[in-house]
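All values derive from a computational prediction rather than experimental measurement. The figures here come from the full heavy-atom set of this structure, side chains too, leaving out hydrogens, waters and symmetry mates.
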Amino acid sequence: MLDLKFVRANPELVKAGALKKRIACEVDRVLELDLEVRQLKTESETKKAEQNRATKEIPALTGEAKAAAIQAMKQLGVEQKALDQQVREKEAELRELLLRIPNPPGEEVPDGADDTENVELRREGEPTVFDFEPKDHIELGQLHDMFDFERATRIAGSRTYFLKNAGALLELSVLRLALDHMTAKGYAPMLVPNLVRREAMEGTAYFPGGEDQAYCTERDELYLIGTAEVPLTSFHAGEILELADLPKKVCGWSNCFRREAGAAGRDTRGLYRIHQFQKIEQVIVCEADEEVSKAFHAEILRNSEEVLQMLELPYRVVNVCSGDLGSGQIQKFDIETWMPSRGNWGETHSASRFHEFQARRLNLRYRDAEGKVRFCHTLNNTVIASPRVLIPLLENHQRADGSIYLPKALRPYLGGRELLEPR
RNA sequence: GGAGAGAUGGCAGAGUGGCCGAAUGCGCCCGCUUGCUAAGCGGGUGGAGGGCAACCUCCCCCGGGUUCGAAUCCCGGUCUCUCCGCCA
């Protein structure tokens, strides 16, 4: 959420930002409501002040004077409550609209409509060259008896899967590798609630707008998270942290649930786009300083790159264009890993910085060096998401005989094995 | 799921209709004092909004209500604790 004062002072900038992001919102209506609310509040507060004054005098009065005063206040109270009612209604409408105004994108964000206009920043490694006909991860999975899609579909519907045997172990191994990597860097490991309240979804800016993507348990009004970012960023919501406590660096392991509404027919085969997966997510809460924020953005990007390097996978980093940014994101770098079966780079990581956008919604604050209370900055990035990452892992490391080369870093998690042999 | 108790400032803990934005203690900050780790004395010490200066308004878990007036009474919600039931 943007600061209303900021919107008030920079309406054109805010509108331009929304335009760049291709997100519709009602800036003018917000300003109009803002004005109305302030006027109504001033009126209401004037009456309230008068009441407060009278309230102090009434106990001293007696007889006629007292009765008259009470009568007058009764009348004033009615008027004041009517004003308050209006204020409440207007404020609710204002908030609803304000929540939908996007954070203007940063200067370094390329303009573009969708992911086809993202800009490649650099490549680390090149597409794998095979001297044999490579198999896709589904075939490899069959060969190794690692997945079962048919039975999963029967039991749980589309976009579901079982991981079994080496597939199950592989997932746990990459997750643990990623978690250990982050822990060694001083990020606090967290196991998080996978089911959260609406406020957490709203606070992290998934709602309003993203309701279609989240599973909702209607009876209990709880939502299944699509990422550990939601509980992790919400962790200190409502608190005022001390500067000395910042930055907060954490990494959380969670299951992630996504309805994939609107993606019907896209990526229906295999492990790419599924309803449930596991992910290690890194989150940083830091002071409200753009340079600090940017430095941490680079840090969380580097952390994830290191994981891919340990997995010996080719990848590239793209600067996500304005139209492909979420409403709260100032800037986002995606990491795309080479996926031979797609003949293309596929998104495996997404590193975002938000400035105060989430913190303001979450009321996540800190006391700066001058003792002033300010909203924190927040950032997050995938460390690893599985089973999607198994696609490049299996496909890039396959050998002509169908065996899978295991990167050195991964071996300790798989009993020292260097190779997965077909069963 | 059933029965009961409770939620007050960084913490502890008063307050049951006006004198309470809130006693007291601890903690913290500033100053003074004292020759020595410590103590004493004085002052200060939450957040939000509006004019943005004096000032005004709001916040005693959250949201409504009663009342001239609510931390205090009523209703709804959330959370915590105790007992019973169930359970990985």
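- A salt bridge does not link A:R365 to A:E356: none of the charged nitrogens lies less than 4.0 Å from a carboxylate oxygen.
- Nucleotide B:rG50 holds its C1' atom 15 Å from the CG atom of A:L83, rounded to whole Å.
- Side-chain nitrogen and oxygen atoms of A:N52 include at least one within less than 4.0 Å of the OP1 or OP2 phosphate oxygen of B:rU57.
- Between A:R374 and A:E287, none of the side-chain N atoms (NZ, or NE/NH1/NH2) sits under 4.0 Å from a carboxylate O, so this pair counts as no salt bridge.
- For the ring-ring contact (aromatic ring centres under 6.0 Å, His included) test, no residue two or more places apart in sequence or in another chain qualifies with A:F375.
- With C1' as the reference atom, B:rC52 and B:rG69 are 30 Å apart, rounded to whole Å.
- Only the P atoms considered, B:rA5 is 23 Å distant from B:rG9, to the nearest whole Å.
- Figure legend. B:rA48 is base-paired to B:rU57; pairs are counted as Watson-Crick or G-U wobble with both atom distances under 3.5 Å.
- B:rG9: no Watson-Crick or G-U partner with both key distances under 3.5 Å is found in any strand.
- Across the protein-nucleic acid pair, A:E199 atom CD and B:rC62 atom P stand 14 Å apart, rounded to whole Å.
- B:rC83 is paired with B:rG2 under the criterion used here, namely a Watson-Crick or G-U wobble arrangement in which both key atom distances are under 3.5 Å.
- Between the P atom of B:rU45 and the CD1 atom of A:I240 lies a distance of 16 Å, rounded to the nearest Å.
- Taking atom C1' on both nucleotides, B:rA14 is separated from B:rC60 by 13 Å, rounded to a whole Å.
- Among the protein residues, A:R8 comes within range of the sugar-phosphate backbone only, with heavy atoms under 4.0 Å from sugar or phosphate atoms but none that close to a base.
- Taking atom CD on A:E242 and atom C1' on B:rU45, their separation rounds to 13 Å, with Å as the unit.
- Atom CD in A:E50 sits about 14 Å away from atom C1' in B:rU57, given to the nearest Å.
- Between the side chain of A:N103 and the backbone N or O of A:Q329 there is no donor-acceptor pair closer than 3.5 Å.
- Nucleotide B:rA23 has no partner under the Watson-Crick or G-U criteria, as no pair reaches both atom distances under 3.5 Å.
- Between B:rU45 and B:rU37, the two P atoms lie 30 Å apart (nearest whole Å).
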How would nucleotides 66-73 of chain B be written as a contact map, 5' to 3', with B for base contact, S for sugar-phosphate-only contact and - for no contact, using protein heavy atoms under 4.0 Å? SBBS----
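- Here, B:rC79 and B:rA88 have their P atoms 24 Å apart, quoted to the whole Å.
- Taking atom CG of residue A:N194 and atom P of nucleotide B:rA88, one finds them 21 Å apart after rounding to whole Å.
- For the P atoms, the distance from B:rG35 to B:rA22 is 39 Å, rounded to whole Å.
- Taking the side chain of A:R367 as heavy atoms from C-beta on, and the options B:rG47, B:rU78, B:rC56, the nearest nucleotide is B:rG47.
- A:R95 has its CZ atom 17 Å from the P atom of B:rA48, to the nearest Å.
- Position along RNA chain B of the nearest nucleotide to A:R365 versus A:T46 favours A:R365 as the more 5'-ward residue.
- A close approach under 4.0 Å does occur between a side-chain nitrogen or oxygen of A:R197 and OP1 or OP2 of B:rC79.
- Nucleotides B:rC74 and B:rU66 place their P atoms 15 Å apart, quoted to the nearest Å.
- B:rG18 and B:rU72 have their C1' atoms separated by 11 Å, with the value rounded to a whole Å.
- When both distances must be under 3.5 Å, the Watson-Crick or G-U wobble mate of B:rC68 is B:rG18.
- In this structure, A:E221 places its CD atom where only 12 or fewer heavy-atom neighbours from other residues, nucleotides or ligands lie under 6.0 Å away.
- With contacts defined as side-chain heavy-atom distances shorter than 4.5 Å, the pair A:M201/A:V230 qualifies.
- Under 3.5 Å, the side chains of A:Y366 and A:E242 contain no donor-acceptor pair of N or O atoms.
- Residue A:R38 has its side chain nearest to B:rG50 when only B:rG47, B:rC79, B:rG50 are considered.
- Under the 3.5 Å distance criterion, the side-chain polar atoms of A:H137 are left unmatched by any main-chain donor or acceptor of A:L393.
- Separating the CD atom of A:E91 from the P atom of B:rU57 is a distance of 18 Å, rounded to the nearest angstrom.
- Across all strands shown, B:rA38 remains unpaired; no Watson-Crick or G-U wobble contact has both distances below 3.5 Å.
- When atom types are taken as modelled, the side chain of A:E347 and the backbone of A:I335 share no donor-acceptor pair closer than 3.5 angstrom.
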